[in-house]
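One structure is given here, and the rest of the page talks about it.
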2 protein chains.
Amino acid sequence: MTIFGKFLRAEREKRNWTQSDFGEKIGLNTSAISRIENESQRFSKSKLKALSDLFQIDEQVIKDLYFADKFAREAFQYNCSETIFSVAEQNVKYIKQKKETQGQIEFK
Amino acid sequence: MTIFGKFLRAEREKRNWTQSDFGEKIGLNTSAISRIENESQRFSKSKLKALSDLFQIDEQVIKDLYFADKFAREAFQYNCSETIFSVAEQNVKYIKQKKETQGQIEFK
DNA sequence: TTACATTTGCTAAAAATAAGTCAAGTTGGC
DNA sequence: GCCAACTTGACTTATTTTTAGCAAATGTAA
């Protein structure tokens, strides 16, 4: 399951941790953990590294799950149309390519 | 061009407005407009409706451009992998479907 | 050079995020 | 029934990020 909260819950349960075990390790109380697992609160971006250390899961994987979830929620909340993610993908390509050609000397 | 700043600039120029003309209409000064057009500042979400009225462009279109841009920038900034948007798309589907089945009476 | 347009450095103000508190529930064993 | 684990509501507070105005700098065209 790629939903971030479900992912967290699954990983926590794999390790047989209660929410308060997990909360202690990551620095949150049980209300927060519960809300995060149930997707009514977001996990904090600044704790992603700590999470990847704690779970021993590659940070890129964690980050991708986190942002895919964030974007999905936002797109849903604001009723974006279905094309939005392919447009976003194009935009990333554009930005990357722009970044690359930047810094090159421009001749007029 | 689907990049939001470029889109704004193009629409403004179509109408032969200076940044300060546009700024006056939408409630921002030229600094803000400049930064928004150059993508070093984001257009404010709360002004999207006003923008759609001003440009006479369907709000859905404006919103989609806005969020596609936002997501792309964020994905780029945090170096998300390329798969992220298809995962996000799946997640939206999941959320929608979950929302639908919610509220239905559950029999055990 | 003058005038208008645009960009940028600095910064206060505003907004978004993050997370705690505390109380009042549920849920699922045993 | 009891207990521990979990959920949820209704806040409040703290922190971080972002916005956008001002003024100064730069660009640009006549």
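When reading the values below, keep in mind they use all heavy atoms of this one structure, side chains included, and skip hydrogens, waters and symmetry mates.
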Exercise. What is the distance, rounded to the nearest whole Å, between atom CG of B/Leu28 and atom C1' of D/dG21?
Worked result: 10 Å
For this session: Please tell me which of the listed nucleotides, C/dC22, D/dA20, C/dT7, lies nearest to the side chain of A/Ser31?
Result: C/dC22
Exercise. Which whole-number value in Å describes the distance from A/Gln41 CD to C/dT21 P?
Worked result: 13 Å
For this session: Could you check how far CD1 of A/Ile36 sits from C1' of D/dT7, rounded to whole Å?
Result: 14 Å
Exercise. Just how far, in rounded Å, is C1' of C/dA18 from CG of A/Leu48?
Worked result: 13 Å
Seminar exercise, completed: Closest to the 5' end of DNA chain C, once B/Asn38 and B/Lys45 are matched to their nearest nucleotides, is B/Asn38
Exercise. Given the rule that I, L, V, M, F, W and Y join up when any side-chain heavy atoms are under 4.5 Å apart, are A/Tyr94 and A/Val87 in one cluster?
Worked result: no
Exercise. Looking across every strand, which nucleic acid part, if any, lies under 4.0 Å from A/Lys70 by heavy atom: base, sugar-phosphate, or nothing?
Worked result: nothing
For this session: Among D/dA20, C/dT17, C/dT7, find the nucleotide with the atom closest to the side chain of B/Thr30.
Result: C/dT7
For this session: Calculate the interatomic distance between A/Glu39 atom CD and C/dA19 atom C1'; express it in whole Å.
Result: 17 Å
For this session: Check whether the side chains of A/Asp58 and A/Ser52 place a donor and an acceptor atom closer than 3.5 Å, and report yes or no.
Result: no
Problem set entry | Separation of atom CZ in B/Arg73 from atom C1' in D/dT18, rounded to whole Å | 15 Å
For this session: Name the nucleic acid region contacted by A/Ser44, choosing base, sugar-phosphate or nothing; use a 4.0 angstrom heavy-atom cut-off, strictly under.
Result: sugar-phosphate
Exercise. Using a cut-off of 4.0 Å on non-hydrogen atoms, how would the nucleic acid contact of B/Thr18 be classed: base, sugar-phosphate, or nothing?
Worked result: sugar-phosphate
For this session: Assess the side chains of A/Thr2 and A/Asp69: does a donor N or O sit below 3.5 Å from an acceptor N or O?
Result: no
For this session: Just call it for B/Arg35: base, sugar-phosphate, or nothing, with non-hydrogen atoms closer than 4.0 Å on any strand.
Result: base
Problem set entry | N/O (side chain, B/Ser34) to phosphate O (OP1/OP2, C/dT7) under 4.0 Å | yes
For this session: In sequence, state the C-alpha distance, the side-chain angles, and the governing distance for B/Asp21 and B/Lys25, and then conclude on salt bridge (charged side-chain N to carboxylate O under 4.0 Å, His left out).
Result: CA-CA 6 Å; B/Asp21 293 337; B/Lys25 291 172 202 294; over 6 Å; no
Exercise. Which residue, A/Ser20 or B/Asn29, contacts DNA chain D at a nucleotide closer to its 5' end, judged by nearest heavy atom?
Worked result: A/Ser20
For this session: Name the nucleic acid region contacted by B/Arg12, choosing base, sugar-phosphate or nothing; use a 4.0 angstrom heavy-atom cut-off, strictly under.
Result: sugar-phosphate
For this session: Over all heavy atoms of both residues, which pair between A/Cys80 and B/Asp64 is shortest? Give the atoms and the distance, please.
Result: CA-OD1, 3.4 Å
Exercise. Could you give the CD-to-C1' distance, from A/Glu37 to D/dA5, as a whole number of Å?
Worked result: 11 Å
Exercise. Rounding to a whole Å, what distance do you find between B/Asp21:CG and C/dC4:P?
Worked result: 13 Å
